[in-house]
2 protein chains.
Amino acid sequence: MGAEGGTGPVTAPVTIADKPEIVLIELLFYAYRDFVSDPDAVLLRYDFGRAHHRVLHFVDRHPGMRVADLLDILKITKQSLGRVLKELIDTGFIEQVPGPVDRRQRLLYPTEKGRALSARLTEPQARRIGAALAALDPAGRAGAERFLRLMIDADERDKVSRLISR
Amino acid sequence: MGAEGGTGPVTAPVTIADKPEIVLIELLFYAYRDFVSDPDAVLLRYDFGRAHHRVLHFVDRHPGMRVADLLDILKITKQSLGRVLKELIDTGFIEQVPGPVDRRQRLLYPTEKGRALSARLTEPQARRIGAALAALDPAGRAGAERFLRLMIDADERDKVSRLISR
DNA sequence: CGAAATATGTCAATATGGCTGACGTAAATA
DNA sequence: TATTTACGTCAGCCATATTGACATATTTCG
């Protein structure tokens, strides 16, 4: 093979002919990059970051959820969650209520204020999604949803499906 | 209306009937969460993180790209890129070559070693994508791809399309 | 009942990956 | 020649994550 034996620069691009899956790999990157940036402007006004958004979203979506459930969704440690959650509680967006049956639990609820902020953060993302779905036919919409479900770890899919569909 | 005038906990969940777009919003979160974690195990062995992966991927995909192009894809500052890029260069995964026409540029190329690592990092993600696509019919596949393209900022779509399709 | 397990919180140190601002250099361009 | 461009770098800081250790209720189990 050629004279370039060294570990010099490789000039041949990786094409989608070589690896067709690259298209979706990269689309996921670009899509997520832009999609998650939507609420940044609003978050800034509250001195919050994306971590606050994620926490508030899931607490708002599943009022009364346990801390452990939230950790399992976010896949972070309780120490990481701690700070962000504390700030959301201190500023009155989330409230903790002792579990009525198991009093070790501290069930998480949004306040009215929390619900309102969550809705405001969801708004631009929902608009983006809505516009995309409107541009697709039913088969396309179903494909998008199925594809994303299949991106989830196989052993998490049922749990996620249950969370989403309620 | 009721007696609960205070800003007490809100107990009503947000349902997908209220906001159908939430399904896709959450699926994007769960999908990305698991999808990007695939290469972590391999990255660990090289003392690299996800930032290294992203940089190596795009340099490998577009050999000879300019630093400015990379910044525009990643949407980070040159200072952030700096550290990660330096480590990839110091460890021999990426090489810089002065631009032949504009010598201010430092064109980025993967080394053979860099190409190999990039392929290894891509592998598990490509498997995940491949399995998902295999489970969809052509209309579903097209829908997934179109949906993700529509998640990208409108004024970025053409640029991204050009990047991907070469 | 007492021991063990569970749910949660917290303190401390550290890593990663981002940011802003300031400044420097070489090369292209006006 | 003056300005702009492409890139790099130093310094400090912020957000978000980690590991490990330890504390406190409360529930469950033997």
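Order of the sequence lines sets the chain letters (A, B, ...), proteins ahead of strands, with each chain counted from 1. Just so it is clear, the values below take in all heavy atoms, side chains as well, and ignore hydrogens, waters and symmetry mates.
Here the side chain of A:I76 is nearest to one of D:dG8, D:dA17, C:dG9, namely D:dA17. Considering only side-chain atoms of A:K78, the nucleotide from C:dG17, C:dT8, D:dG8 that sits closest is C:dT8. Checking D:dT16, C:dC19, C:dG9 against the side-chain heavy atoms of B:T77 singles out C:dC19 as nearest. Listed nucleotides: C:dA28, D:dA17, C:dT8. Nearest to the side chain of A:R106: C:dT8. Side chain of A:Q79, nearest nucleotide from C:dA12, C:dG17, D:dC7: C:dA12. The side chain of A:R103 lies closest to D:dT26, out of C:dC19, D:dT26, C:dA27.
No engagement by B:K86 is indicated, since no non-hydrogen atom pair under 4.0 Å with the nucleic acid exists. No contact: B:G82 has no heavy atom under 4.0 Å from any strand.
When side chains are defined from C-beta on, B:V59 does not count as touching B:Y109, because their heavy atoms never get closer than 4.5 Å. Looking only at side-chain heavy atoms (C-beta outward), A:I94 and A:V55 come within less than 4.5 Å of each other.
Contact check, B:H52 against C:dG17: a side-chain N or O comes under 4.0 Å of OP1 or OP2. In this model, the phosphate group of C:dG9 is approached by a side-chain N or O of A:Q96 to a distance below 4.0 Å at OP1 or OP2. The phosphate of C:dT16 (OP1 or OP2) has no side-chain N or O of B:R54 nearer than 4.0 angstrom.
Taking 4.0 Å as the cut-off between side-chain N and carboxylate O, A:E145 and A:R141 do not count as a salt-bridged pair. Looking at B:R127 and B:D38, no side-chain N of the basic residue comes within less than 4.0 Å of a carboxylate O on the acidic one, giving no salt bridge.
Between A:R83 and A:V101, the residue anchored nearer the 5' end of DNA chain D, judged by the nucleotide with its closest heavy atom, is A:R83.
Between the base of C:dT8 and the side chain of A:R104 there is no donor-acceptor pair shorter than 3.5 Å.
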